[in-house]
Number of protein chains: 2
Amino acid sequence: MEKKLPTIKEIAQRLNISISTVSRALHDHPSIGLRTRMAVKKMAAELNYEPNQTAIFFKQRKTFTIGIILPNLREEFFSSAINGIETIAQQNNYIVLIGQSHDDIENEKRILETMKKHRVDGILASISKNTTQFDHFEQMKSYDIPVVFFDRVPDVPDVHSVSCNLYHSSIEAVEFLINKGHKTIGYMQGPSTLGIKNERLAGYYEALKKHKIPVDESLIVSTDLSTKSTEEALDSLLGKKKKPTAVLVFNDYVALDAIHYARQKKLKIDKDISFVSYANVSVTRYLDYPPIASVEQFPYDQGARAAELLFKLLDTKTNRQDIPYENVVLKSELIVH
Amino acid sequence: MEKKLPTIKEIAQRLNISISTVSRALHDHPSIGLRTRMAVKKMAAELNYEPNQTAIFFKQRKTFTIGIILPNLREEFFSSAINGIETIAQQNNYIVLIGQSHDDIENEKRILETMKKHRVDGILASISKNTTQFDHFEQMKSYDIPVVFFDRVPDVPDVHSVSCNLYHSSIEAVEFLINKGHKTIGYMQGPSTLGIKNERLAGYYEALKKHKIPVDESLIVSTDLSTKSTEEALDSLLGKKKKPTAVLVFNDYVALDAIHYARQKKLKIDKDISFVSYANVSVTRYLDYPPIASVEQFPYDQGARAAELLFKLLDTKTNRQDIPYENVVLKSELIVH
DNA sequence: TGGGAATGCGCAATCGTTTGCCTATTTTTT
DNA sequence: AAAAAATAGGCAAACGATTGCGCATTCCCA
């Protein structure tokens with residue numbers, strides 16, 4: 001068992017030809033005659049030869065590996081996104097390295113560093129909730145490692161990204177509530193860093209404006225995504241003299257916590273208070289009281305598109321620095337449950 | 001930007017010393033004097049030198065990469081397991097490559113092949129539901145790539161594995177139901193391939209026997225894990241003259257489908273029929289009608305232990321073939337909701 | 001039949017690092 | 001003060017594959 005793996009050299013020796021001939025023969029290089037080519041291939045098959053990829057990686061300065069950095073694998077959104085990425089990666093004969101930041105920028109930096117060391121050819125990233133500056137990603141440029149952000153994309157101009165347009169569906173979501181007769185609609189936003197260009201909020205404002213509902217800033221609360229913080233945020237909304245009858249919530253996970261808490265407080269869901277959120281996670285299917293609607297963000301597609309963009313970058317021979325930054329924006333869709 | 005990365009050679013030239021000296025200096029080799037060592041390190045820092053890992057991987061015949069093969073990232077169980085693995089991998093300065101089989105053996109083979117090509121140092125795997133033979137894993141031995149299975153482990157002797165003992169907690173689960181007064185208890189199992197040594201079923205039998213409840217084989221049904229199949233299985237149970245008042249179910253996802261379907265059928269959960277299952281996924285927290293109990297299988301720990309075992313194997317200098325196969329079995333725990 | 005294309009293949013450098021072995025200088029020992 | 005030993009560092013091979021260049025044959029056509 002402890003046998004050394006056969007190399008190109010081994011084949012060459014057995015056939016008494018040079019290793020360059022073997023290499024070329026295996027690659028169907030035209031300068032190698034048919035008979036030797038056949039002989040080489042036959043011998044390669046016999047010996048069960050497989051090229052040593054690490055040698056090739058080294059020589060070619062390419063590893064056929066892309067790195068994915070994201071906050072958390074456990075969120076359905078991200079695991080779906082990975083599926084999209086994996087599909088495209090496979091088509092391109094690439095393999096994926098995964099690192100979770102667990103929403104911590106230090107982890108993010110460490111992972112990036114490790115991936116750089118491993119010489120990944122490119123990186124796909126969804127930033128952590130406390131990533132406010134991007135030097136670590138910026139730095140990848142000097143190593144000629146392209147980075148494409150998806151979903152949680154930094155709000156700076158000079159990056160490639162794929163994300164969802166949440167502005168329109170946020171308007172749609174709020175209008176959906178308004179049409180249901182709601183007049184006092186709260187908004188529970190996520191960590192402020194996650195939405196510098198806060199499309200959700202902008203849509204919220206726009207919808208209210210469109211329907212001539214005055215904005216009450218105290219109806220806008222924040223959660224850091226933890227259960228506790230969400231509960232506090234909801235408390236704050238419920239503590240108002242004029243309580244909201246509906247709340248637009250940052251995402252389904254937060255909504256689940258909010259709904260759970262509201263029910264503990266003996267509120268009747270969809271009677272006393274309704275929730276609409278984002279992500280459209282599949283588990284809501286099993287719930288008796290899911291958000292009445294949720295904005296589908298098509299994680300699989302986002303992942304796939306981001307991967308496609310990355311491979312486009314990897315394919316370009318020209319100086320990558322010259323490629324204009326591309327910011328793909330996908331449509332989202334309000335799904336009513 | 002297009003600058004070439006500095007190499008050890010670059011440093012050597014600037015300092016007018018040999019590259020071997022540079023290499024040794026950077027590794028604090030004792031045969032290099034203090035002054036040159038300092039000079040080298042200073043220059044390395046100045047040039048922002050970073051060793052080319054691909055060269056090192058190649059030379060060392062090691063990639064500091066392990067591959068994880070599992071059915072599906074979207075199951076919380078597996079993403080938690082990955083967390084455990086990632087933690088241990090990080091401690092060992094390893095990085096993880098991930099591939100999903102999507103419960104298809106062909107994918108599993110393809111992934112394994114790719115990982116082999118990429119020369120991973122070792123592999124952690126949870127087999128797909130239709131993997132009944134293991135040649136592809138077996139083959140890794142001849143490449144000296146150790147494989148450790150976790151959770152879904154093959155039922156053959158000569159493998160390393162980490163799994164949960166479901167026998168005892170299955171007994172516990174059934175006894176829990178018996179103590180609640182249930183006399184007719186069904187069992188819905190998963191794909192037969194996933195449990196050749198079917199501990200769940202064995203525990204089910206044992207508990208009944210212990211409490212002198214005769215086994216009714218028609219109370220044992222199977223699902224391929226799809227919603228449809230689960231519904232059919234439940235139908236079969238409900239079609240009996242003597243319907244079960246409780247069902248032990250393969251896992252929470254199946255249980256969720258079963259409960260959902262039972263409710264559609266107007267059954268009162270925990271009144272007409274109760275469910276106990278496995279996995280203890282966190283979302284049940286938000287459900288009005290979760291399984292009344294679920295067997296926690298500690299995916300994080302399983303992942304971590306499997307990774308530890310793998311690193312132990314990777315650390316051994318001796319011929320790896322000589323290491324006795326290790327089969328770690330962790331305790332599971334019935335969690336009552 | 002002689003000279004210029006094709007055709008078929010080998011040499012050797014290269015990628016960046018590590019490491020066994022050897023040499024030269026300095027230090028220690030007796 | 002000469003021999004032995006320790007110290008410091010260089011040479012070159014090796015890891016496995018790719019590739020530009022050059023050197024033989026063989027072939028074709030005049």
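Here is the naming used below: chain letters follow the sequence lines, and residue numbers restart at 1 for every chain.
- Heavy atoms of B/His27 sit under 4.0 angstrom from primed sugar atoms or phosphate atoms, though from no base atom.
- Nearest-nucleotide assignment on DNA chain C puts the 5′-proximal partner with A/Arg37, out of B/Arg24 and A/Arg37.
- Side-chain N/O atoms of B/Tyr300 and B/Thr87 include a donor and acceptor closer than 3.5 Å.
- Checking A/Ile8 against B/Asn16, the closest nucleotide of DNA chain D that is more toward the 5' end is the one next to B/Asn16.
- The CD atom of B/Gln13 sits 15 Å away from the C1' atom of D/dG10 (whole-angstrom rounding).
- In this structure, A/Thr7 reaches the sugar-phosphate backbone alone: every heavy-atom distance under 4.0 Å involves primed, P, OP1 or OP2 atoms, never a base.
- In this structure, B/Phe58 does not pack face-to-face on the six-membered ring of C/dT17, missing the 5.5 Å centre cutoff or the 30° plane limit.
- The separation between A/Ile56 atom CD1 and D/dT19 atom C1' is 14 Å, rounded to whole Å.
- Taking the side chain of A/Lys59 as heavy atoms from C-beta on, and the options C/dT17, D/dG9, D/dA17, the nearest nucleotide is D/dA17.
- Tested against B/Lys41, the residues B/Thr36, B/Asp28, B/Ile11 include a single side-chain contact (heavy atoms from CB on, under 4.5 Å) partner, B/Asp28.
- In this structure, B/Ile17 atom CD1 and D/dC11 atom C1' are separated by 14 Å, rounded to whole Å.
- In this model, no donor atom of one side chain and acceptor atom of the other lie less than 3.5 Å apart for A/Gln100 and A/Asn107.
- Among the protein residues, B/Ile19 comes within range of the nucleic acid bases, having at least one heavy atom under 4.0 Å from a base atom.
- Within the 4.0 angstrom heavy-atom criterion, only backbone atoms of the sugar-phosphate kind lie near B/Arg61; the bases stay farther away.
- Ring orientation note: the planes of A/His118 and B/Phe57 are tilted relative to one another, at an angle of 30° to 60°.
- When heavy atoms are screened at a 4.0 angstrom cut-off, B/Thr54 is found touching no nucleic acid atom at all.
- Of the listed nucleotides (C/dT17, D/dT19, D/dG9), D/dG9 has the atom at the smallest distance from the side chain of B/Thr36.
- Within the 4.0 Å cut-off from OP1 or OP2 of C/dG10, not a single side-chain nitrogen or oxygen of A/Ser20 is found.
- The nearest whole Å value for the distance from the CG atom in A/Asn52 to the C1' atom in D/dA14 is 13 Å.
- The NZ atom of B/Lys9 sits 16 Å away from the P atom of D/dG10 (whole-angstrom rounding).
- With distances taken from any side-chain atom of B/Ala55 to the nucleotides C/dG16, C/dT19, C/dG10, the minimum falls on C/dG16.
- The aromatic rings of A/Phe311 and A/Tyr94 stand perpendicular to each other, their planes meeting at an angle above 60°, with 30° marking the opposite boundary.
- Between A/Ser18 and C/dC9 there is no side-chain N or O to OP1 or OP2 distance below 4.0 Å.
- B/Arg35 places its CZ atom 17 Å from the P atom of C/dT25, with the value rounded to the nearest Å.
- With rounding to whole Å, A/His29 atom NE2 is found 12 Å from C/dG8 atom P.
- If you check every strand for non-hydrogen atoms under 4.0 Å, B/Phe57 touches nothing.
- Distance A/Gln53 CD to D/dG16 P: 14 Å, rounded to the nearest Å.
- Looking at the side chain of B/Ile32, the nearest of the listed nucleotides C/dT18, D/dA17, D/dG9 is D/dG9.
- Between A/Phe150 and A/Phe78, the ring planes are perpendicular. Angles over 60° get that label, and only those under 30° would be called parallel.
- Using a 4.0 Å heavy-atom criterion, one finds that B/Ser31 contacts the bases of the nucleic acid, with or without backbone contacts as well.
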